[in-house]
**Student:** 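Please find one structure pasted underneath; my questions will follow.
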Amino acid sequence: MSTEHFFLPWNASKARLREAENARKNRLEIVKALSQGQVSRRELFKWGLITGAGLVAPIHGLSPFVTRAYADDGGGIPTGAPPSPGTAGLAFTQPLMRFEVLPRNPYAVLNPIPTIEANTTLMPVDPLLGGSYGPIEGRPPGPDWAHQRWNEFLPTVAIEVTQEGAKPNPNGNIPFKFHPSLPAQGPNAMWTFNGTLPPKLILARYGEPILFRHHNKLPADITQNGGFERHTLTTHLHNGHHGAENDGFTGAFFFPSQFYDNHYPMILAGHDSINVNGTDPMAGSPDDSGGINKVPGDWHETMSTHWFHDHMFSFTSHNTYKGNVGMFNIYSALDRGNESINDGVNLQLPSGTAKSWGNLDYDINLMLADKAWDGDGQLYFDIFNTDGFLGDAMTVNFCYKPYFEVEARRYRFRILNGCVSRFFELALSDSSPMIQIANDGNLLPQPVTLTRLDEQGIGERYDIVIDFSRYTPGQKVRMVNLCEHQNGAGPSRDLSVAQAIAGKSSDPCVGEFLEFRVIPMKAGSDPSKVPATLIPNPDLSKIPVARQRTFAFKDGGSDSSPWTIRTDNGEDLDASVSRLSAAPKAGTREVWKLINDGGEWDHPIHIHFEEGQILSRSGGDGNSSGGVPAWEKGRKDVYRLRKDGTVTITMQFREFAGMFMEHCHNTVHEDRAMLLRFEVGKGLVPMLTPSPTPQGVKFVGTSVLKGAF
Ligand SMILES: [Cu+2]
């Protein structure tokens with residue numbers, strides 16, 4: 001594949017850009033037809049509009065690259081489109097928007113009152129969705145999808161959100177714009193939580209169960225989607241330790257006008273077997289007066305930085321890109337969100353002191369995502385490229401290249417890679433050190449000081465501490481992305497800081513994207529710490545390995561589903577919600593070997609429900625080739641396989657049961673169809689497979705792969 005001619009250049013002729021814009025409009029018509037179910041992917045292949053590599057066939061007026069000698073490259077950034085207009089001169093001219101904390105209401109405010117099994121009260125269904133009557137809650141009905149251990153973990157906090165089209169936030173009258181000088185996103189361009197900026201943050205703590213009610217307020221008219229996205233939703237709290245009915249199973253989606261109740265028990269893993277009486281002060285939750293409420297479970301399993309996002313079958317990439325993402329901070333005895341409480345348990349990580357827990361003054365959520373927009377400034381997505389979608393505009397918390405004022409002291413940043421297909425590698429523009437304290441929401445055994453972080457795959461979270469006391473007020477330092485893509489398959493190379501800043505890459509998202517402006521410290525001192533020991537791993541060495549499994553992630557499947565997973569020695573299979581591929585027994589420990597069987601690709605593999613420890617790593621390149629690096633020695637939930645790489649992990653399956661997923665978090669790969677279902681517990685019989693309709697969820701049979709049990 002040629003790389004030197006890869007991108008439609010910024011200085012391309014007006015005619016070329018116009019041609020590309022027209023081509024995009026034509027493609028959009030097809031995208032629309034596809035996303036609205038008027039044509040199938042298979043039909044498009046049959047008609048020759050998509051090739052095996054997933055590219056638009058070079059038919060004049062269809063591909064923006066058609067008249068070019070290298071039309072068969074089909075790639076470019078943004079994928080399949082001319083550059084996103086209007087960003088010239090806008091970098092570092094708007095302040096970073098902080099996440100908006102969702103109100104934590106008393107449980108009693110919920111109306112109707114949540115039910116253990118799905119609420120099947122009937123309501124009229126919109127004629128556009130087939131009319132008649134259907135249930136008000138989209139959760140599959142009956143005991144299999146009842147909230148597990150409800151009476152044991154009765155919710156005390158209610159968090160209620162909608163999913164709806166972009167609109168101004170009445171709280172501060174904030175328009176929905178990536179930058180004040182860019183056009184507002186229309187109601188069908190972005191679909192987000194409550195329909196507003198900033199993105200939303202949930203503050204949770206152990207021992208305080210949450211009822212998260214999600215209302216689908218998207219248009220019933222499936223054609224009102226701005227060209228991509230599906231109006232059905234299923235919401236996944238990424239690596240919550242909870243029953244599968246709350247996990248956003250990809251085939252358990254809900255429709256416009258319905259809601260779905262998710263029950264997050266907020267318990268430590270090991271609740272049933274370790275510290276069962278809740279006497280260990282390390283296992284706890286912040287109370288409202290600076291003390292600790294002890295909870296059962298293993299404090300070595302304490303988690304901190306989560307996020308939540310859509311998981312709709314075949315449309316996860318569209319839906320997350322369009323705004324169905326939020327973040328979720330979990331507070332514990334160890335990670336209190338208060339930097340001044342010195343009781344021998346609290347790690348005193350940078351946060352603040354005003355509240356007993358959950359201070360956000362110096363604890364900053366950063367959601368990184370590449371976006372693209374069309375000639376009208378409206379969010380653009382190309383569903384044709386099955387390698388992965390890349391945007392050309394870097395956003396942080398949905399803000400195009402913002403700046404952020406920091407006091408000359410320590411800060412914690414919880415960095416989420418919220419992209420569709422892009423990997424990052426982060427550094428500071430002066431190459432000064434950052435201290436990585438957590439990986440995927442798990443505080444590391446020991447902090448690791450780095451001048452450039454490792455590559456960060458989609459869905460991975462890296463928590464870092466930056467000490468700005470080394471700067472004098474008035475100074476500026478910027479965060480830089482060093483990781484270059486040529487297509488959505490995976491990183492092509494990592495640049496030096498100097499190369500990235502100098503614009504040596506043709507990838508528009510390489511380079512500086514967030515500016516820190518240092519101001520004087522407001523308080524007299526900085527009480528925060530980064531202790532030499534954070535959270536040691538749970539010791540699994542005495543727990544027998546009940547089962548070993550192998551999963552090989554491979555390209556070269558069928559045209560319409562180019563990405564597959566091979567389980568053990570079976571066939572290369574694309575996703576099916578009704579196929580059970582693995583069934584670990586509840587309460588056991590297993591070892592899973594994840595293989596990248598696709599050469600040049602990279603796949604960030606996410607395993608739901610349980611944290612794993614990486615036992616060994618091979619293959620890959622650069623800073624990961626020598627086994628398990630220090631920053632991967634904690635617990636993880638996303639495992640980058642790297643080129644020709646193999647990662648062996650171990651996990652336990654505890655406390656909850658049901659159908660979960662394992663998949664590539666390059667969401668384009670996931671949608672096409674690098675995803676499988678595994679199931680924990682509930683006896684030896686596989687669960688029936690939900691098949692949602694607006695008039696109610698039906699159930700269909702489940703096929704079981706040989707060797708799954
Ligand atoms: Cu992948």
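FYI, the numbering just counts along the sequence from 1. The figures that follow rest on heavy atoms only: side chains count, while hydrogens, waters and symmetry mates do not. Every number for a ligand or one of its atoms is a count from 1 in the order of the listing.
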**Student:** Looking only at N, O or S atoms in H603, which is nearest to the Cu ion (ligand 1)?
**Tutor:**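 So the atom name we want here is ND1.
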**Student:** What distance do H306 atom NE2 and N442 atom CG have between them, rounded to the nearest 0.5 Å?
**Tutor:**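 So the NE2 of H306 and the CG of N442 are separated by 6.5 Å.
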**Student:** Which word best sums up how the rings of W601 and W563 line up, parallel for under 30°, tilted for 30 to 60°, or perpendicular for over 60°?
**Tutor:**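 The arrangement is perpendicular - the two ring planes meet at more than 60°.
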**Student:** Could you check whether H663 and H669 have their ring centres less than 6.0 Å apart?
**Tutor:**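 No, too far apart.
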**Student:** If you look at H669, which of its N/O/S atoms is nearest to the Cu ion (ligand 1)?
**Tutor:**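 It is ND1 of H669.
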**Student:** Would you say the Cu ion (ligand 1) has C664 as a near neighbour, meaning an N/O/S atom of that residue under 2.8 Å away?
**Tutor:**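 Yes - counting backbone and side chain alike, C664 has an N, O or S atom under 2.8 Å.
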**Student:** Any heavy-atom pair between the side chains of E301 and H241 that's under 4.5 Å?
**Tutor:**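 Answer no - side chains too far apart.
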